Amino acid sequence: MSDAHAPASSNPVPPVSGKRAPALIFIFLTALLDIIGIGIVIPVMPQLVAALSTGGDLSAAAYYVGLSMALYTAMQFLCAPLLGALSDRFGRKPVLLTSLAGAALGYLGTALAPTLGWFLAARTLGGVGGASLSVATAYIADITPPEKRAQSFGLIGAAFGIGFILGPAIGGLLGSNDMRLPFFAAAAVAGLNWLYGLFVLPESHRVENRRPFTMGAANPLSWVGVLRSNPVVAGLAIAMLWGSLGHQCLQSNWALYTSHRFVWTPKEVGASLAVVGLCAAIVQGGLIRVLIPRLGERRAILGGASLNILAMVLYGLAFQGWMMYAILVLGSLAGIAGPAMQAQIASRVPPHQQGTVQGALASLMSLTGVIGPLMANGVFGYFTSPAALFTVPGAAFFLGALLQGVSLLLVVRLFRRVPPADAPEANQAQTVGGAA
């Protein structure tokens with residue numbers, strides 16, 4: 001039995017829930033197109049930044065690659081709570097459309113960048129548009145009953161998976177001819193995403209659940225107050241922060257590591273990321289519907305986090321390219337943890353706060369995206385440079401395993417203090433500060 005039952009489960013699901021399956025398909029396709037646009041640029045990012053900054057030296061360019069990622073996610077950190085609060089006030093659809101337009105302009109500016117400064121400025125603009133995932137997550141919470149939220153959140157993971165099948169594969173192929181072509185393609189995909197949302201996506205946030213917009217809710221640090229009000233949610237969010245910081249060591253370092261360690265071309269990097277996406281889609285779109293109900297959300301979180309740590313260590317130890325493919329099959333199974341964690345959090349939040357809380361969580365995760373790439377790529381740059389006392393190409397992966405280990409310990413500590421949500425003591429445990 002799943003252990004996620006919302007305290008506010010008596011609240012009716014919005015009218016759109018009568019068409020929940022079509023609405024979930026709409027938001028899935030919207031997220032899919034967005035992820036394709038992101039995945040297209042990953043295989044060529046290190047080479048393009050190196051060409052603009054260091055004349056092709058990947059170790060030296062690693063710092064600038066990390067900076068470009070950090071700027072992108074810094075804007076997500078600043079804008080995610082703003083978009084979430086605006087969607088609580090004006091509805092999900094108009095906020096999604098505005099952010100998609102910003103993403104398209106950001107990709108176009110990146111494609112045209114003649115200098116590193118221009119490139120970084122365009123990535124900053126793109127980050128503003130890329131802060132819409134919190135709104136998409138709130139959309140799912142609007143239309144899905146509590147007991148099905150873990151599976152529904154898995155659709156976002158499936159969109160990531162399929163998007164990273166198509167996006168990197170296309171980006172690798174396009175980038176083998178022209179490093180800027182994938183950015184033009186990403187701009188076109190974001191534009192199509194905007195058109196799709198304009199004409200197809202229905203509004204999910206019922207008028208009676210909307211609330212006035214306040215600057216306090218748009219504060220990028222508003223998550224502190226929002227999460228502090230519920231100690232269980234706060235504990236899960238802090239664990240997510242450490243886990244996401246560890247995951248950044250994989251996400252921001254994959255193209256650099258494989259290009260340096262195995263001399264992979266953009267086409268080969270794109271192919272490997274397509275396999276990552278395929279495995280994620282299988283787990284998030286299919287296996288998650290079987291595994292989470294059988295394991296329960298808590299066991300799914302603990303098991304997924306443990307697999308994450310193991311996979312990170314193995315990535316760092318790999319010395320032949322084929323090993324990365326073998327390890328990523330194992331690592332993809334760790335994807336059951338994320339949707340289970342989101343479901344645990346969403347189950348403890350009333351409908352009128354879903355946008356704000358999801359925006360706060362997205363902002364928190366974006367904060368790790370600012371710190372993580374700078375830290376991981378800095379570690380990679382140092383331990384692959386002549387200045388290093390000894391060469392350790394996988395050092396960033398070992399760092400990621402350590403950070404995810406901290407996340408696992410925090411979750412274990414929290415679960416020992418707080419009974420499952422379907423236990424009689426659960427409601428009492430959620431209201432006492434001793435659970436923090």
Side-chain angles (χ1 to χ4, degrees), residues 31 35 38 42 66 69-81 84 127 130-134 136-137 153-154 156-157 159-161 164 220-221 223-224 226-227 233-254 276 280 283-284 297 300-312 315 331-346 357-379 396-414:
I35 300 307
I38 295 172
I42 292 177
M69 294 180 176
L71 287 172
Y72 185 89
T73 50
M75 297 314 297
Q76 291 184 315
F77 168 69
L78 293 172
C79 296
S132 61
L133 186 58
S134 62
T137 308
F153 284 134
I156 295 292
F160 269 85
F164 274 111
L221 296 178
W223 56 269
V224 174
V226 171
L227 300 181
V233 171
L236 290 170
I238 293 170
M240 286 180 69
L241 184 149
W242 284 95
S244 179
L245 194 60
H247 186 70
Q248 287 293 332
C249 295
L250 171 66
Q251 183 174 306
S252 63
N253 198 51
W254 182 276
V276 171
V283 172
Q284 305 264 346
E297 288 163 6
I301 292 168
L302 297 174
S306 300
L307 287 176
N308 252 330
I309 296 168
L310 176 60
M312 292 291 277
Y315 284 133
S332 66
L333 292 174
I336 64 174
M341 188 85 81
Q342 285 181 305
Q344 284 277 297
I345 291 174
V357 170
Q358 296 299 338
L361 291 172
S363 181
L364 185 60
M365 297 306 102
S366 295
L367 182 60
T368 69
V370 177
I371 301 170
L374 292 172
M375 178 177 59
N377 289 4
V379 167
F397 293 118
F398 298 141
L399 175 62
L402 177 63
L403 295 170
Q404 289 179 338
V406 173
S407 174
L408 177 58
L409 290 175
L410 290 174
V411 170
V412 170
R413 178 175 177 269
L414 178 67

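Note that the structure is predicted; figures quoted are calculated from it, not measured.
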Which residues share a side chain to side chain donor-acceptor pair (under 3.5 Å) with Ser244, sequence neighbours left out: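 Testing Ser244 for side chain to side chain donor-acceptor pair (under 3.5 Å), a comparison that skips the adjacent residues, returns Thr368.
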
Separation of [Y] [atom2] from [X] [atom1] (nearest 0.5 Å):
X: Gln344; Y: Glu297; atom1: CD; atom2: CD; value: 5.0 Å
X: Leu236; Y: Gln342; atom1: CG; atom2: CD; value: 11.5 Å
X: Met341; Y: Ser407; atom1: CE; atom2: OG; value: 5.5 Å
X: Leu408; Y: Ile309; atom1: CG; atom2: CD1; value: 4.5 Å

Over all heavy atoms of both residues, which pair between [X] and [Y] is shortest? Give the atoms and the distance, please.
X: Val411; Y: Ala239; answer: CG2-CB, 3.4 Å
X: Ala401; Y: Met312; answer: CB-CB, 3.8 Å
X: Ala340; Y: Ile301; answer: CB-CG1, 3.7 Å

Check side-chain contact (heavy atoms from CB on, under 4.5 Å) between [X] and all other residues, then give those that pass, not counting sequence neighbours.
X: Ala70; value: Val370, Leu374
X: Leu403; value: Trp242, Leu245, Cys249, Met375, Leu399
X: Met69; value: Val65, Ser252, Pro373, Asn377
X: Leu333; value: Val283, Leu287, Leu307

Ring geometry between Phe397 and Tyr315 (parallel below 30°, tilted from 30 to 60°, perpendicular above 60°):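 Taking Phe397 first and then Tyr315, their aromatic rings sit tilted (interplane angle of 30° to 60°).
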
Exam field: side chain Ser332 to backbone Ala280, donor-acceptor pair closer than 3.5 Å: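 Such a contact is absent between Ser332 side chain and Ala280 backbone.
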
